[in-house]
Amino acid sequence: MTLRRLRQFVRSYTGRLLLGTLAVHAVLAPLLHAGILHIAASGDMERFVKDAHARSDLVSRMLHQLPDSGRIEQWVDDLVLSEQVAYADYVSAAGDVTASAFNAREAVFQEDMAFGEHGDHMYYVSIPLRVGSAAALRIGFDEAEVDKHIRDSYGQSLLFTGGYVLLTLAIIAFVGHLLTRSVRQLRDISRRIASGQIDEQMAIDTSVSEISDLAQDLECMRRTMLSREHDIALREARQRSVLE
């Protein structure tokens, strides 16, 4: 019984309308969803990179103001401890590397040109200490917070998309029910006329021009059939009187 009702619903106007809407959303919604998320994620990554370079420039200016270059190694630790950066080390002109003791053990410096490069969840920048000098301060910024924000955006957008599709289907179902109400009225009147109630008029209240025109055509057909039946009855009455 349930399968039969489902088939009847699928074959109905409302069912076809809902299936068509589902088909359209199945194609367009993922594309729209992916496009919006890509734009949002690209914006977050671009802002993170710009902020990292701005903070790197600020650190570079602060380095140039240090009165004692011997304090740079201590300042490396202070950068990580103050949580301004997630990684810091100092490379001397001779190539010796002094990393902060507070860096993550698995952190390995690889200068990045874009967000998410090298798959280490860190954005690394190298800052020259002096013009023409090989000495440099290398710092890294944690990408985890931006990654988390992007993942949260994905989850929230999926919920939003699901709610949008459900709301659209509910509206389509309601509109389909309103549109088919006048069609159902025509069906019921036609069945009563077919059962013998030929005097009942095809009168329905609808603002849909196609259905209203159909009702008028059916009413004209009913009146024509009624007139023909009346003429046939008159002819039969005359024939009976002649025979009598």
Side-chain angles (χ1 to χ4, degrees), residues 1-44 149-244:
M1 183 64 71
T2 303
L3 183 59
R4 182 181 177 183
R5 289 182 178 178
L6 180 60
R7 288 178 179 175
Q8 290 178 348
F9 175 75
V10 171
R11 293 169 60 184
S12 67
Y13 177 81
T14 304
R16 297 293 175 86
L17 196 61
L18 285 175
L19 288 177
T21 304
L22 278 175
V24 171
H25 281 81
V27 175
L28 297 182
L31 294 177
L32 180 63
H33 179 263
I36 293 176
L37 287 180
H38 176 71
I39 294 173
S42 298
D44 289 339
H149 181 264
I150 293 175
R151 289 195 301 270
D152 292 342
S153 298
Y154 283 156
Q156 293 173 0
S157 62
L158 285 175
L159 292 176
F160 176 79
T161 302
Y164 166 77
V165 172
L166 291 177
L167 181 60
T168 301
L169 291 178
I171 294 175
I172 292 297
F174 178 71
V175 172
H177 178 75
L178 292 180
L179 289 175
T180 57
R181 181 174 59 183
S182 54
V183 177
R184 292 193 301 272
Q185 290 176 354
L186 280 177
R187 179 198 62 190
D188 296 338
I189 295 174
S190 299
R191 288 178 177 176
R192 289 195 293 270
I193 292 176
S195 66
Q197 302 178 25
I198 196 169
D199 292 331
E200 184 173 357
Q201 295 183 358
M202 288 284 186
I204 60 171
D205 184 15
T206 178
S207 59
V208 181
S209 60
E210 290 85 353
I211 299 178
S212 177
D213 293 341
L214 177 60
Q216 291 177 6
D217 293 339
L218 291 175
E219 176 62 17
C220 290
M221 184 175 63
R222 185 192 69 84
R223 291 179 180 179
T224 302
M225 291 174 58
L226 190 61
S227 177
R228 287 179 180 177
E229 287 189 357
H230 180 67
D231 293 340
I232 292 173
L234 287 177
R235 285 197 298 268
E236 290 179 348
R238 291 194 189 104
Q239 290 174 357
R240 283 196 301 269
S241 64
V242 169
L243 290 175
E244 290 176 356

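For the single chain, residues carry numbers from 1 onward in sequence order. Below, all heavy atoms of this structure are taken into account, side chains as well, without hydrogens, waters or symmetry copies.
Contact between I189 and Q201 at its shortest, heavy atoms only, is CG2-O, 3.8 Å.
Atom CG of L37 sits about 9.0 Å away from atom CG of L32, to the nearest 0.5 Å. Annotation: the span from Q156 atom CD to R151 atom CZ amounts to 13.0 Å, rounded to 0.5 Å. Here the straight-line distance linking atom CG of L243 with atom CD of E236 works out to 11.5 Å at 0.5 Å rounding. One distance of note links CD1 of I193 with CD of E219; it measures 7.0 Å at 0.5 Å rounding. Taking CG of L31 as the reference point, atom CD1 of I36 lies at 11.0 Å (rounded to 0.5 Å). Between the SG atom in C220 and the CD atom in Q216 there is a gap of 7.0 Å [rounded to 0.5 Å].
Looking at S241, its side chain does come within 3.5 Å of a backbone N or O of R238 through a donor-acceptor pair. The backbone N or O of R223 lies less than 3.5 Å from no partner atom in the side chain of S227, so there is not a single donor-acceptor pair.
Sparse packing is recorded around CZ of R181, with 12 or fewer heavy atoms of other residues, nucleotides or ligands lying under 6.0 Å away.
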Exercise for the section: Please step through side-chain contact (heavy atoms from CB on, under 4.5 Å) for the pair D217 and M221, ending with a clear verdict. Expected result: CA-CA 6 Å; D217 293 339; M221 184 175 63; over 6 Å; no
